[in-house]
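Every chain is numbered from 1, with letters handed out A, B, ... down the list of sequences.
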Number of protein chains: 2
Amino acid sequence: MAGTIRKSARRVTAADVAEAAGVSRSAVSRAFTPGSYLDDGKRRAILRAAKRLGYRPNAMAAILQGGASDLVAIFAGEMPNDFDREVAAALVSGLNAIGKWPLVIGGDEATARRALANVLRYPLEAMILRSGSLDEGVAKSCAKLGVPVISSGRILHMPGVDNVCCRNRDGMADMGRLLIEGGRRRVAFVGGPETFWSAGERRLGLVTALHAAGLTLSADAMGAYTVQSGYDAAADLLAGPPFDALVCANDAMAIGALSLLRDRGIPVPEQIAVVGFDDIAMAAWPAFNLTTVRNPIDTLVETVTDLVQRRVETPTKPDETIAIDVSLVCRGTH
Amino acid sequence: MAGTIRKSARRVTAADVAEAAGVSRSAVSRAFTPGSYLDDGKRRAILRAAKRLGYRPNAMAAILQGGASDLVAIFAGEMPNDFDREVAAALVSGLNAIGKWPLVIGGDEATARRALANVLRYPLEAMILRSGSLDEGVAKSCAKLGVPVISSGRILHMPGVDNVCCRNRDGMADMGRLLIEGGRRRVAFVGGPETFWSAGERRLGLVTALHAAGLTLSADAMGAYTVQSGYDAAADLLAGPPFDALVCANDAMAIGALSLLRDRGIPVPEQIAVVGFDDIAMAAWPAFNLTTVRNPIDTLVETVTDLVQRRVETPTKPDETIAIDVSLVCRGTH
DNA sequence: ATCCAGCCTGAACACGTGTTCATATGTCGA
DNA sequence: TCGACATATGAACACGTGTTCAGGCTGGAT
């Protein structure tokens, strides 16, 4: 570490490299552009000088000049449960793998709203929605700026928006049938507030399956997609009329409900079946062994990144709505 | 939705707004700059025209001209467990709250390395490290470009690097003493590979406490900070000489170990104590009720964001190393 | 009448890059 | 010898912004 040089903040530019290598600034730019006419020896000298000085082309200038920004925003919402965070982390990795750099917006509504207004000043190649509450407003702002939107997790019927969404209704309908076949007749549901679009869809799927068997929902509680809210909702439901199956709109709440039933000494699944949705890693743990619906994150990420690439390549591409297949995972709680 | 206009990709610029409002381009810029001389009526007219056209100043041009980029990178690594993902999500929210936009780099080593080279072309105000494996190399690259580094989670002794780190050794030493006071004498440890710096620190704290009581580590296993790896490591250890306490370097592995011991019918904590580190939300659930060391995420995020702000404000500020206090959380597994 | 200070305004510049344009040099075939 | 063509190179431009510069206008004090 001999002689750590503390330079002033000025960044090394192509002009600096040009001077150091004794060439024109144009040559430096060409040295970093494959397939452009440039003497091989000169190119090597430039790259050597660039490495020595620690030069990297300034992305701001390159983008302003007309280059691709490779910036993609992820509007991630509050990420209150592990599934949301896992999806966000997987999206980040997936975007990195295709050479896109995700600008992530998270936190509460007020913070996210303010952040959005500022982030939209950057030339985004796409905006990926994963919020649940502010989606329409965000999509409208993006449309005004010509930023393509990819909504993952809720379907938005707006021009300029691609949708990726798992088959919420089908999954929950399958689950409903499984419970009915297992002899359950009084089915309770724990959903979410109106802003949680998927909760409504999943509820609808369940209700459809029940109706087909001449049944209706025995009880309807509202959670917040967190473990604690599942715990609390289960407690509320137990205070009401009896039921023999508890369908939760996601795994986190199912695990919360499961915990409460165990605390109360109620045998699962003998007296009450408990099922969830998503198939988070925890659902497979022996401690829970939760019957659920698999909502594959890797497929979601692949679909989204593919959509990003195709949209960037062909901005006029027609909008798409892609459904992701889900499947029942039968474990020990139904 | 009458007449959805599908404009060509061109973005609205200040010149467009100027023409629409019948003023000079300078006036438009002034309208968005508080405290600059501009007729009030004219300012209102400009803002109205800007709103109508959907104008936002282009961040690339503004930054290139000399403005703040407000971009901060987070080198997040693979985020294999929920604690890592929670930290990342909290960092994102915290940075948004102070008006910084995080560019997140994640995924496996090869992906992250390639991503780094590209992301460094953007004028970053800071780089936040949260990786575990590639940190030194990343810090070196940043130092070469004059990008301030904030390492959170491991201490890097390099110029230009601020460090934020919880008191790993103290926390595990406290935990060691607690176990010894509880009568444990044969303590096993589940750590991580050498690249997991915190595992080494935590191990050291435990060993120190044991030595002070005239004891040594009974067994030493290697995990990967995931639940599954804790499960597997516990199985390996059970095949060896007996022990009465199992200290895991993080909660995820402790929960994995706990699951295995339950599967084998080994009473916890009667026969074997199991403890972790971090105090993730799951640790408090009745299903686990894990004794652990609280590693406060909110304090970490506050410290990091504060450091970012102070470093941006005063780039020549001396480097700091800030320790975050931890505390024992005594629950039911010790 | 003269000066000055305060407000207001448009032209011009700098930021750093990728690309185009014009020009120069070398090579090959007719 | 001449033209056609590929290769090589520096000057000049455009990208869109924030700020500086120089100047014009207004109103009041000297």
For nucleotides 22-28 of chain D, which of its nitrogen or oxygen atoms have a protein nitrogen or oxygen under 3.5 Å away, and what is each distance?
none

Could you pull out the protein-nucleic contacts involving nucleotides 8-10 of chain D (nitrogen or oxygen on both sides, under 3.5 Å)?
unit_1	atom_1	unit_2	atom_2	d
D:dT9	OP1	A:Lys42	NZ	2.9
D:dT9	OP2	A:Asp39	N	3.2
D:dT9	O5'	A:Lys42	NZ	3.2
D:dG10	OP2	A:Ser24	N	3.4
D:dG10	OP2	A:Ser24	OG	2.8
D:dG10	N7	A:Arg30	NH2	2.7
D:dG10	O6	A:Arg30	NH2	3.4

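Just one of B:Val72, B:Leu145, B:Leu103 meets the side-chain contact (heavy atoms from CB on, under 4.5 Å) condition when paired with B:Leu124; it is B:Leu103.
One distance of note links CE of B:Met60 with OH of A:Tyr122; it measures 6.0 Å at 0.5 Å rounding.
Listed by first then second residue, pairs satisfying side-chain hydrogen bond (donor to acceptor under 3.5 Å, both in side chains) with a partner in residues 48-77 of chain B read B:Asp70-B:Lys100, not counting sequence neighbours.
The ring pair (Phe, Tyr, Trp, His ring centres under 6.0 Å) test applied to A:Phe83 returns no partner, not counting sequence neighbours.
Per the geometry, CZ belonging to A:Arg10 stands 13 Å off C1' belonging to C:dA14, to the nearest Å. Between A:Asn58 atom CG and C:dC15 atom P the separation is 12 Å, expressed in whole Å. Look at CZ on A:Arg43: it is 13 Å from P on D:dT7, rounded to the nearest Å. Here D:dT17 presents its P atom at 8 Å from CZ of B:Arg11, a figure rounded to the nearest Å. Here the P atom of nucleotide D:dT17 and the CD1 atom of B:Ile46 are 13 Å apart, to the nearest Å. What separates CZ of B:Arg121 from C1' of C:dT17 is a distance of 9 Å, to the nearest Å. Put simply, CZ on A:Phe32 is 9 Å from P on C:dG18, counting in whole angstrom units. Look at CG on B:Leu64: it is 4 Å from C1' on C:dC15, rounded to the nearest Å.
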May I have the list of side-chain donor-acceptor pairs in residues 148-158 of chain B shorter than 3.5 Å, sequence neighbours left out?
unit_1	atom_1	unit_2	atom_2	d
B:Ser151	OG	B:Arg154	O	2.6
B:Ser152	OG	B:Leu129	O	3.0
B:Arg154	NH1	B:Gly132	O	3.4
B:Arg154	NH2	B:Gly132	O	2.6
B:Arg154	NH2	B:Thr195	O	2.7

Solution key, residues 301-310 of chain A side-chain donor-acceptor pairs under 3.5 Å, sequence neighbours excluded:
unit_1	atom_1	unit_2	atom_2	d
A:Thr303	OG1	A:Thr299	O	2.7
A:Thr305	OG1	A:Val301	O	2.9
A:Thr305	OG1	A:Glu302	O	3.0
A:Asp306	OD2	A:Arg310	NH1	2.5
A:Arg310	NH2	A:Glu320	OE1	2.8
A:Arg310	NH2	A:Glu320	OE2	2.1

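Using a 4.0 Å cut-off between charged nitrogen and carboxylate oxygen, A:Arg113 and A:Asp108 do not count as a salt-bridge pair. Under the 4.0 Å criterion applied to side-chain N and carboxylate O atoms, A:Arg311 and A:Asp319 are assigned as salt-bridge partners.
A heavy-atom distance below 4.5 Å is not found between the side chains of B:Ile105 and A:Trp101.
Counting only heavy atoms from C-beta on, A:Ser29 has its side chain closest to C:dT19 among C:dT19, C:dG16, D:dT19.
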